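These figures come from a predicted structure and were not determined experimentally. Because only heavy atoms are used, hydrogens play no part in the values below, and waters and symmetry mates are left out as well, while side chains stay in. Each chain gets a letter, A, B and so on, in the order the sequences are listed, and its residues count up from 1.
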There are 2 protein chains.
Amino acid sequence: MKKQLIMDKALELFAKQGFEATSVQQITEHCGISKGAFYLSFKSKDELIIALIDHFMMQFTTEIDYIVRNTEIEKLLYDFYYATFHSFHQHSDFAKILMKEQSQTFNEEFIVKMHYFDRLIENIILSMIERLYGEEVKQTKYDLMYCIKGFMNTYSQLFLFYNVPLDLNLLSESLVEKTNLLARHTHVPFISEDLIQVIKQPMCEEGSKEQILEILEQKIEEIEEPIEKESLILLKQQLREPTLSPAIVKGLLENIRNHPLCKWISYLLQNYFEV
Amino acid sequence: MKKQLIMDKALELFAKQGFEATSVQQITEHCGISKGAFYLSFKSKDELIIALIDHFMMQFTTEIDYIVRNTEIEKLLYDFYYATFHSFHQHSDFAKILMKEQSQTFNEEFIVKMHYFDRLIENIILSMIERLYGEEVKQTKYDLMYCIKGFMNTYSQLFLFYNVPLDLNLLSESLVEKTNLLARHTHVPFISEDLIQVIKQPMCEEGSKEQILEILEQKIEEIEEPIEKESLILLKQQLREPTLSPAIVKGLLENIRNHPLCKWISYLLQNYFEV
DNA sequence: TTGACAAATGACTCGTTGGTCATTATTATA
DNA sequence: TATAATAATGACCAACGAGTCATTTGTCAA
């Protein structure tokens, strides 16, 4: 598929030069295709960057969420950091774009997307904190969440922009220690429940039933494998009119969770059904 | 002075839209001047952004450095955070630019400047850590430094991009607690002495004698006040040929330290003479 | 071999940008 | 007031970028 080629090559250039500084001309040259061919795959340059963000952020969010939901508590924090940095490292070109283009103003949709994913990640971190420390951190959980985000940011810059050899194990151990320290001994919160209300505000976007339905129908078309396809169809019915028991829904979700094209929809459905 | 007007107005626009997305046209319109007038004050758009960075970063670096050198240990950490966030808050337009344009690739000189100041700030933080905890954190000081940088970044985003009411006192208290916790109980460092060597590398730039001399001569021209002027002239001689005692040098530096035009040169000289 | 259809091309348009410079307005000086 | 010097103007230029579309190339069934 041309689309994939363009995304791959554009990713390299964006990471190196930034989005604005990379022209469509350059991208097409780097792909060895014509300018027209580019516009057969993407309606605009903006659509390309949105596609890139969607692609990687969906993947990342889903990965992290799965870990937070399914890892035993003893390994949870370590695995979380490990997976995070492993992912950043593996998709370092994309991570660089994220860092560079952080909250740039050039495109409305871009910002909305970024905020949306940012919010998702914050929620995942919060639910991890909940699992790890529970009531213990009631007063300080938002601060803790911000610190964890800060660690993710600060430490990833180290290996993204200086190419130092990366000892993922040591890094994760080190951050686990720091996080536990902060969780267990912090008593002066800065971010109160009030403050977080001011920050949060909207957060609708993808969550709505209609949008999930839309994506669901699209996936049903795409998928060939009978089990996955039927699971999707059943889930669609359940979405329209809840009749199945939670156990069955959970099973159906399990059926699709490892299909490469279903990761995202499975994440959305899981959230929707509050499993 | 036109230059100041342009810098003020451009700052607003850059903070709102980013550097690349703001045209010289827009800036001149916002100032109520013609395009030609802009180019009487700045040779190029790039020169403008460099001037802005220099202006604010010199100010910030000098402020923080003064605090770290001169505050009693009991208040040091608190004052450091307070001053940092106070400065970010006061110059929030500039802080926004820093966040947005973080390591953008558009201009070589820009990046060099940013790295230079980043390095300066890292050194200031390190010397603060040294004063606060000394030997205690020998193994973990670089990690601690990165965590402090992380706090500065993460928490400033809160009030820069959501305009929440800001309780500077609480914020500083809260970060003091976190920092002390990490300093006193961390045992698993990630950033070793080796790693920091890989990252550091060059770090020359402004420090050289010739460059200091150049700025010094320029300042001697500018300054009217007799005491400050003579102090500068004596310091210039001392720079060429060291003859004065450390006490005298320190006194001369003290003479100029509060002159609004001498903050930066005084910082550079202080570093050079290792006072 | 032909012809219908889709895929791919790249010269082109049109808007915008950073930057220049001949000209005009303003001020200072004699 | 006349003249020189300086400040300010904005029409203009070359360069470049996103996006378009008439045309060419490739494919495959008949």
Fill in: ring pair (Phe, Tyr, Trp, His ring centres under 6.0 Å) against His55(A), all qualifying residues, sequence neighbours excluded
none
Please identify each residue that fulfils side-chain hydrogen bond (donor to acceptor under 3.5 Å, both in side chains) with [X], with sequence neighbours left out.
X         : answer
Asp93(B)  : none
Ser266(B) : none
Ser156(B) : none
Thr28(A)  : none

Tell me: [atom1] of [X] to [atom2] of [N], nearest whole Å?
X        : N       : atom1 : atom2 : result
Glu20(B) : dT17(C) : CD    : P     : 12 Å
Lys45(B) : dG19(C) : NZ    : P     : 8 Å
Phe42(B) : dG19(C) : CZ    : P     : 13 Å
Tyr39(B) : dG19(C) : OH    : C1'   : 5 Å
Ile49(B) : dG18(C) : CD1   : C1'   : 15 Å
Lys43(B) : dG19(C) : NZ    : C1'   : 14 Å

Discussion item. So, using salt bridge (charged side-chain N to carboxylate O under 4.0 Å, His left out) as the criterion, who are the partners of Glu122(A) when residues are at least two apart?
Written reply: Lys149(A)
Worksheet item: For Lys236(A), which residues count as a salt bridge (charged side-chain N to carboxylate O under 4.0 Å, His left out) partner, sequence neighbours excluded?
Response: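 By the salt bridge (charged side-chain N to carboxylate O under 4.0 Å, His left out) rule, Lys236(A) matches Glu217(A).
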Worksheet entry | Nucleotide range of DNA chain D lying under 4.0 Å from chain B heavy atoms |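 On DNA chain D, the outermost contacted nucleotides are dA8(D) to dG10(D).
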Worksheet item: How far does the helix from dT1(C)-dA30(D) to dA30(C)-dT1(D) bend, going by the axes of its first and last five pairs, to the nearest 10°?
Response: 10°
Worksheet item: Between Phe38(A) and Gln25(A), which is nearer to the 5' end of DNA chain C once each is assigned its nearest nucleotide?
Response: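 Nearest-nucleotide comparison on DNA chain C picks Phe38(A).
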Discussion item. Does the Lys NZ or Arg CZ of Lys2(A) fall within the cation-pi geometry relative to Phe42(A) - under 6.0 Å from the ring centre and within 45° of the axis?
Written reply: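 Negative - Lys2(A) is either too far from the ring of Phe42(A) or too far off its axis.
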Practice prompt. Would you indicate what Ser41(A) reaches in the nucleic acid, counting non-hydrogen atoms under 4.0 angstrom: base, sugar-phosphate, or nothing?
Written response: nothing
Discussion item. Both Gly36(A) and Val24(A) contact DNA chain D. Which one's nearest nucleotide lies toward the 5' end?
Written reply: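 Nearer the 5' end of the strand: Val24(A).
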Worksheet item: Looking only at heavy atoms, what is the nearest atom pair of Met58(B) and Phe117(B), with distance?
Response: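 Shortest heavy-atom contact: N-CE2, 3.9 Å.
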Worksheet item: Between dA8(C), dG10(C), dG18(C), which one does the side chain of Leu40(A) approach most closely?
Response: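 So the nucleotide nearest the side chain must be dA8(C).
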Worksheet item: Counting just side-chain N and O atoms, does Lys2(A) come under 4.0 Å of either OP1 or OP2 of dA8(C)?
Response: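 It does, given that an N or O in the side chain of Lys2(A) lies less than 4.0 Å from OP1 or OP2 of dA8(C).
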Worksheet item: Is there a residue in residues 26-34 of chain B whose heavy atoms reach under 4.0 Å of DNA chain D, and which residues are they?
Response: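 Within residues 26-34 of chain B, the residues near DNA chain D are Ile33(B), Ser34(B).
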Worksheet item: So which pairs with a foot in residues 3-15 of chain A pass salt bridge (charged side-chain N to carboxylate O under 4.0 Å, His left out), sequence neighbours left out?
Response: none
Fill in: Pairwise salt bridge (charged side-chain N to carboxylate O under 4.0 Å, His left out) hits with a residue in residues 51-60 of chain A, at least two apart
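Applying salt bridge (charged side-chain N to carboxylate O under 4.0 Å, His left out) to every pair that reaches into residues 51-60 of chain A, excluding sequence neighbours, yields Asp54(A)-Lys113(A).
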